[in-house]
Peer 1: 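Sharing a structure here in structure tokens format.
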Amino acid sequence: MALNSMLRRATSSVLPLAIRATAGSSRSFHSVISTAQKVNLGHALNPKSFSPFLRFSTAAAVSKTSHDESLIRVLESEIDCAQKDHLEYDDIEDGFPFEIENNPGQRTIILKSNYHNEAIRVEVDMPQPDEIEEGENDDDAADDEASSGSSIPLVVSITKGSGLCLEFGITALPDEICIDSLSIKLPDTSEDQLAYEGPDFNDLDENLQKAFHKYLEIRGIKPSTTNTLREYMDVKESNEYLLWLKKIKKFIEK
């Protein structure tokens with residue numbers, strides 16, 4: 001109680017003095033406020049008060065830059081290796097029975113040719129590794145793949161002048177053409193409509209299967225063509241990998 005009484009007396013004696021000291025001059029009052037603001041502002045803008053944030057931001061930036069530079073060095077090393085394996089298409093294209101439409105950056109190429117009144121279009125995908133059957137030994141599968149090579153998926157479209165199209169799904173193996181499917185495509189058929197695509201090709205009569213293989217052969221789809229095509233796609237895959245590495249490196253450097 002005595003302490004509270006002393007504090008009240010001290011406050012009541014000091015406050016009137018402060019009021020009288022500033023009452024005579026508004027300039028003095030504003031000076032007091034201005035001085036207080038400068039003191040507070042100066043404390044708020046003290047660089048030391050920001051140092052933890054600045055140190056954190058700088059460290060994060062240095063760390064990110066260091067990691068990016070390390071990635072770029074690894075990419076450059078891989079690009080150098082890929083460039084040493086760079087191949088050209090020139091020797092492969094000579095004497096090839098199809099016009100080749102190759103767009104860098106895309107995984108497929110398009111082959112085009114004409115046979116009488118038919119327009120032949122072949123979409124060629126990247127070589128696919130042979131699938132390992134369940135229970136097959138990995139070493140034996142690797143040996144088989146090395147000897148047989150990978151397969152190449154093809155979609156062969158043969159279109160008449162009326163727009164009617166016969167489409168083959170094909171797997172090209174070394175020295176062998178495998179027909180997976182065939183269907184007839186009408187020019188005015190909507191993609192939403194599910195047309196009947198016939199039975200499984202292997203369920204067809206053997207003579208009919210042979211006849212379709214001959215049908216494709218005289219239109220240029222034969223093992224000699226697809227074996228050359230395999231070499232072309234190996235070159236494309238190598239070149240696409242090099243292009244892919246360069247695009248990633250360019251992105252990281254920005």
Side-chain angles (χ1 to χ4, degrees), residues 87-131 133 144-189 191 194-240:
L87 301 172
E88 297 294 339
Y89 297 106
D90 297 342
D91 295 337
I92 300 174
E93 292 181 351
D94 293 341
F96 194 68
F98 289 90
E99 174 190 347
I100 301 176
E101 184 180 300
N102 179 19
N103 296 315
Q106 296 183 5
R107 58 179 288 167
T108 60
I109 65 171
I110 303 298
L111 309 181
K112 294 180 179 180
S113 70
N114 292 286
Y115 180 80
H116 296 298
N117 66 331
E118 300 171 348
I120 302 173
R121 182 182 186 274
V122 184
E123 185 174 2
V124 186
D125 202 348
M126 288 286 185
Q128 304 294 318
D130 294 335
E131 295 182 359
E133 295 183 1
D144 290 341
E145 183 175 344
S147 60
S148 65
S150 56
S151 59
I152 302 178
L154 310 175
V155 177
V156 179
S157 301
I158 302 172
T159 306
K160 300 280 189 178
S162 61
L164 199 62
C165 173
L166 185 61
E167 185 176 279
F168 292 83
I170 292 174
T171 299
L173 300 171
D175 301 320
E176 183 180 3
I177 298 292
C178 296
I179 300 176
D180 302 316
S181 64
L182 67 93
S183 59
I184 194 78
K185 304 289 186 181
L186 302 176
D188 56 350
T189 301
E191 294 182 358
L194 298 178
Y196 175 68
E197 296 185 351
D200 186 278
F201 185 79
N202 292 325
D203 293 336
L204 295 176
D205 179 80
E206 185 176 349
N207 290 329
L208 187 55
Q209 292 184 39
K210 291 180 180 179
F212 275 119
H213 277 284
K214 187 64 178 180
Y215 178 86
L216 289 173
E217 181 180 342
I218 63 177
R219 287 162 177 78
I221 309 301
K222 51 189 177 180
S224 60
T225 300
T226 55
N227 286 344
T228 302
L229 185 60
R230 183 184 309 278
E231 298 177 20
Y232 188 95
M233 294 306 291
D234 286 341
V235 174
K236 179 174 176 62
E237 187 170 25
S238 175
N239 292 342
E240 291 299 338

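Any value given below was found using the heavy atoms of this structure, including those in side chains, with hydrogens, waters and symmetry copies removed.
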Peer 1: Assess whether side-chain contact (heavy atoms from CB on, under 4.5 Å) is satisfied between Leu111 and Ile100, documenting all intermediate values.
Peer 2: CA-CA 5 Å; Leu111 309 181; Ile100 301 176; 3.8 Å; yes
Peer 1: Counting only N and O atoms by type, is there a donor-acceptor contact under 3.5 Å from the side chain of Ser238 to the main-chain atoms of Val235?
Peer 2: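 Flag not set: sc Ser238 to bb Val235 has no pair under 3.5 Å.
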Peer 1: Might you point out which heavy atoms bring Pro104 and Asn102 nearest each other, and give the distance in Å?
Peer 2: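 So the two residues come closest at CD-O, 3.6 Å.
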Peer 1: How would you list all residue pairs meeting salt bridge (Lys or Arg N to Asp or Glu O under 4.0 Å) that involve residues 106-117, not counting sequence neighbours?
Peer 2: Glu101-Lys112, Arg107-Asp125
Peer 1: Output, in order, the C-alpha distance, side-chain angles, deciding distance and verdict of side-chain contact (heavy atoms from CB on, under 4.5 Å) for Ile152 and Gln128.
Peer 2: CA-CA 6 Å; Ile152 302 178; Gln128 304 294 318; over 6 Å; no
Peer 1: So, for Tyr215 and Ile218, which heavy atoms are closest and what is the spacing to 0.1 Å?
Peer 2: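 Looking at all heavy atoms of both residues, the closest pair is O-CG1, 3.3 Å.
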Peer 1: Could you grab the distance from atom OG1 of Thr225 to atom CZ of Arg219, nearest 0.5 Å is fine?
Peer 2: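 It comes to 14.0 Å.
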Peer 1: For Ser113 and Phe98, work out which heavy atoms get closest and say how close.
Peer 2: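 The answer is OG-CE2, 3.1 Å.
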Peer 1: Could you report the tightest heavy-atom contact between Pro127 and Ser150, atom names first, then the distance?
Peer 2: CB-OG, 3.4 Å
Peer 1: Quick one: CD1 on Ile109 to CG on Leu229, what's the gap to the nearest 0.5 Å?
Peer 2: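 Between Ile109 CD1 and Leu229 CG, I get 5.0 Å after rounding to 0.5 Å.
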Peer 1: Under a 4.5 Å cut-off applied to non-hydrogen side-chain atoms, are Ile221 and Val122 in contact?
Peer 2: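 They are in contact (side-chain heavy atoms under 4.5 Å apart), so the answer is yes.
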Peer 1: Do Arg121 and Ile110 have side-chain heavy atoms sitting under 4.5 Å apart?
Peer 2: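 Of all side-chain heavy-atom pairs linking Ile110 with Arg121, at least one is under 4.5 Å.
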Peer 1: Side-chain polar contacts of residues 154-174 - donor-acceptor pairs under 3.5 angstrom, sequence neighbours left out - could you list them?
Peer 2:
{"from": "Lys160", "atom 1": "NZ", "to": "Glu118", "atom 2": "OE2", "distance (Å)": "3.0"}
{"from": "Thr171", "atom 1": "OG1", "to": "Asp180", "atom 2": "OD2", "distance (Å)": "2.6"}

Peer 1: Apply the test side-chain contact (heavy atoms from CB on, under 4.5 Å) to residues Met233 and Glu237: give CA-CA distance (whole Å), side-chain angles for both, the deciding distance (0.1 Å), then the verdict.
Peer 2: CA-CA 6 Å; Met233 294 306 291; Glu237 187 170 25; over 6 Å; no
Peer 1: Could you give me the CA-CA distance, side-chain angles and deciding distance for Val124 and Tyr232, then say whether side-chain contact (heavy atoms from CB on, under 4.5 Å) is met?
Peer 2: CA-CA 11 Å; Val124 186; Tyr232 188 95; over 6 Å; no
Peer 1: If you compare all heavy atoms of Leu204 against all heavy atoms of Phe212, which two are closest, and at what distance to 0.1 Å?
Peer 2: CD1-CE1, 4.4 Å
Peer 1: Output all residues satisfying side-chain contact (heavy atoms from CB on, under 4.5 Å) with Asn202, sequence neighbours left out; order by chain, then residue number.
Peer 2: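 Asn202 satisfies side-chain contact (heavy atoms from CB on, under 4.5 Å) with Asp200, Gln209 once adjacent residues are dropped.
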Peer 1: How many angstroms lie between SG in Cys178 and NE2 in His213, if you round to the nearest 0.5 Å?
Peer 2: 7.0 Å
Peer 1: At what distance, to the nearest 0.5 angstrom, does CD1 of Ile184 lie from CG of Leu182?
Peer 2: 9.0 Å
Peer 1: Does Asn227 reach the side chain of Asp175, with side-chain heavy atoms less than 4.5 Å apart?
Peer 2: yes
